Amino acid sequence: MEKWTQRLAILMAVLCTACWGFPAAQAESKEKLLTATEFTQRFAEILREKLPDHMVSVVGEFEIDITGGTAEGSAEPYEIGSANAYALYCATPTELESMLVSYAEAIDEMVNGSGGDEELSLDDLMPVLRSSSYLESMPAEKREDVAFLEWLDGIDILLVWNSSKTVRVVTQSELKERGLGLDDALEIAKTNLARIAPNVQWLRTEGGLMGPVLDGMYESSLLLLPLWERTGFGLGGDTIVAVPSRGTVMVIDSENTDLIASVNQYLIDGFDSLAYPVYDKLLRWNGMEFVPYADSY
């Protein structure tokens with residue numbers, strides 16, 4: 001079975017939730033759609049039925065944590081994003097229950113799989129962006145062994161193993177056993193990310209907001225790849241990016257000042273409520289790298 005994270009979805013439902021102030025997604029059903037929160041709660045209910053030995057907790061509008069069970073490494077929570085599933089639901093609302101059951105079965109296979117006995121390959125190494133506060137909240141003895149690099153002020157790059165049976169943070173001890181330093185491991189992870197980057201779908205709202213859809217976990221990681229020349233997006237101005245959470249990237253034309261103001265206000269109002277936050281400010285691509293938008297002119 002394909003990894004549960006590798007599924008096709010559209011970002012529109014994520015970008016168009018009411019709390020972001022953009023037009024609601026149109027459904028081909030006369031029935032009222034569930035809100036994002038209602039959908040995630042229903043998803044959690046299905047997961048609790050499928051995983052009775054685990055604790056399933058809704059920790060954000062599109063985020064679910066799964067802890068417990070008997071699988072090796074189960075003390076670490078599995079982070080499940082529901083944004084892409086919600087997007088599919090908005091497109092085909094009559095398929096709600098069957099879709100959630102299918103997702104739950106795939107997640108069951110991942111959570112209860114024998115990930116601890118699996119021989120991980122360097123092809124399974126991937127980069128994930130997280131707010132620096134994520135590592136700062138860890139106990140010191142655990143943080144010291146986490147394989148990560150500082151990227152921008154306030155953003156770290158975590159290295160993770162992502163195979164068909166496990167998704168977990170890489171330790172520096174594991175890299176040392178393989179004779180790898182952090183910089184070399186990051187280059188391998190970026191190469192692996194570039195391998196799946198052609199699967200990205202870019203969507204655009206009528207108001208000009210753009211965003212990539214990959215798999216709900218690596219959208220923000222795309223900032224590590226050279227994809228960001230403004231000509232590639234048909235922008236008149238510079239490429240401005242917001243990356244509030246792990247699975248959400250918003251691309252804005254610098255000439256669209258109204259949209260920039262709206263997204264910036266979202267970051268101010270909504271960032272603290274996100275479960276897997278990355279950055280609470282706007283970034284600008286200067287032709288070589290991302291820099292803080294406020295400091296770039």
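Everything numeric in this text was worked out from a predicted model, so none of it was measured.
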Worksheet entry | For T40 against G60, the heavy-atom pair lying closest together | CG2-O, 4.1 Å
Worksheet item: Is it the case that S57 and D65 place a side-chain donor and acceptor less than 3.5 Å from each other?
Response: no
Response to the item:
For S82 and F39, the nearest pair of non-hydrogen atoms, with its separation, is O-CE2, 3.8 Å
Discussion item. With rounding to the nearest 0.5 angstrom, report the CG to CG distance, L283 to L223.
Written reply: 6.5 Å
Discussion item. One pair to check against side chain to side chain contact (heavy atoms under 4.5 Å, CB included): D156 and W151. What are the steps and the verdict?
Written reply: CA-CA 5 Å; D156 293 329; W151 187 49; over 6 Å; no
Discussion item. In this structure, would I260 and I268 fall into the same cluster of hydrophobic residues linked by side-chain contacts under 4.5 Å?
Written reply: no
Practice prompt. Compare every heavy atom of R178 with every heavy atom of L120, then report the nearest pair and how far apart it is.
Written response: O-NH2, 2.8 Å
Worksheet item: Are any side-chain N or O atoms of R204 and backbone N or O atoms of M210, one a donor and one an acceptor, separated by less than 3.5 Å?
Response: no
Practice prompt. State which residues pass side chain to side chain contact (heavy atoms under 4.5 Å, CB included) with E136; sequence neighbours excluded, sorted by chain then number.
Written response: S132, S133
Worksheet item: Would one find more than 12 heavy atoms of other residues, nucleotides or ligands at under 6.0 Å from atom CD of E38?
Response: yes
Worksheet item: Do the side chain of S221 and the main chain of P127 share a donor and acceptor less than 3.5 angstrom apart?
Response: yes
Fill in: Side-chain donor or acceptor of D280 paired with backbone N/O of V243 under 3.5 Å
no
Worksheet item: According to the interplanar angle, ranging from 0 to 90°, do the rings of Y103 and F43 count as parallel (below 30°), tilted (30 to 60°) or perpendicular (above 60°)?
Response: tilted
Worksheet entry | Non-neighbouring partners of K281 that pass salt bridge (charged side-chain N to carboxylate O under 4.0 Å, His left out), sequence neighbours left out | none
Worksheet entry | Heavy-atom side-chain contact between F290 and V241 under 4.5 Å | yes
Worksheet entry | Whether Y86 and F62 hold their rings parallel, tilted or perpendicular, with breakpoints at 30° and 60° | tilted
Discussion item. Is the shortest side-chain heavy-atom distance between L100 and R42 below 4.5 Å?
Written reply: yes
Discussion item. Less than 4.5 Å apart, side chain to side chain, heavy atoms only: is that true for R246 and V128?
Written reply: yes
Worksheet item: Do side-chain atoms of D253 reach the backbone of G237 as a donor and acceptor pair under 3.5 angstrom?
Response: yes
Worksheet item: With the threshold set at 4.0 Å, does a side-chain nitrogen-carboxylate oxygen contact exist between R168 and E174?
Response: yes
Fill in: Minimum heavy-atom distance between L159 and A189, given as atom pair plus value
CD2-CB, 3.9 Å
Practice prompt. Apply the test side chain to side chain contact (heavy atoms under 4.5 Å, CB included) to residues W285 and V291: give CA-CA distance (whole Å), side-chain angles for both, the deciding distance (0.1 Å), then the verdict.
Written response: CA-CA 6 Å; W285 176 255; V291 295; over 6 Å; no
Practice prompt. Give the intermediate values and the outcome of side chain to side chain contact (heavy atoms under 4.5 Å, CB included) for residues L158 and V170.
Written response: CA-CA 8 Å; L158 271 67; V170 179; over 6 Å; no
Worksheet entry | Side-chain donor-acceptor contact under 3.5 Å, N162 with Y218 | yes
Practice prompt. Apply side-chain hydrogen bond (donor to acceptor under 3.5 Å, both in side chains) to the pair S245 and T248, showing each step before the final yes or no.
Written response: CA-CA 5 Å; S245 62; T248 304; 3.2 Å; yes
Worksheet item: Are R130 and Y134 in a cation-pi setup, meaning NZ or CZ lies under 6.0 angstrom from the ring centre and within 45 degrees of the ring axis?
Response: yes
Worksheet item: What closest approach, in Å, do A242 and L267 show between heavy atoms, and which atom pair accounts for it?
Response: CB-CD1, 4.2 Å
Item to complete: Go through L186 and L125 one step at a time and tell me if the side chain to side chain contact (heavy atoms under 4.5 Å, CB included) criterion holds.
Response: CA-CA 8 Å; L186 175 59; L125 200 59; over 6 Å; no
Discussion item. Any carboxylate oxygen within less than 4.0 angstrom of a Lys/Arg side-chain nitrogen, looking at K190 and E187?
Written reply: yes
Worksheet item: Are I46 and E97 close enough that some pair of their side-chain heavy atoms sits under 4.5 Å apart?
Response: yes
Discussion item. Please check this pair: side chain of D124 against backbone of S121, looking for a donor-acceptor N/O pair closer than 3.5 Å.
Written reply: yes
Discussion item. With a 4.5 Å cut-off on side-chain heavy atoms, are P244 and Y279 touching?
Written reply: no
Worksheet item: Do the side chain of N192 and the main chain of L122 share a donor and acceptor less than 3.5 angstrom apart?
Response: yes
Discussion item. For L259 versus G208, what's the shortest heavy-atom pair and its separation?
Written reply: CD2-C, 3.8 Å
Worksheet item: Judged by atom type as modelled, is there a donor-acceptor pair below 3.5 Å linking the side chain of W228 to the main-chain atoms of L222?
Response: yes
Practice prompt. State, with a plain yes or no, whether a side-chain heavy atom of H54 is found less than 4.5 Å away from one of T67.
Written response: no
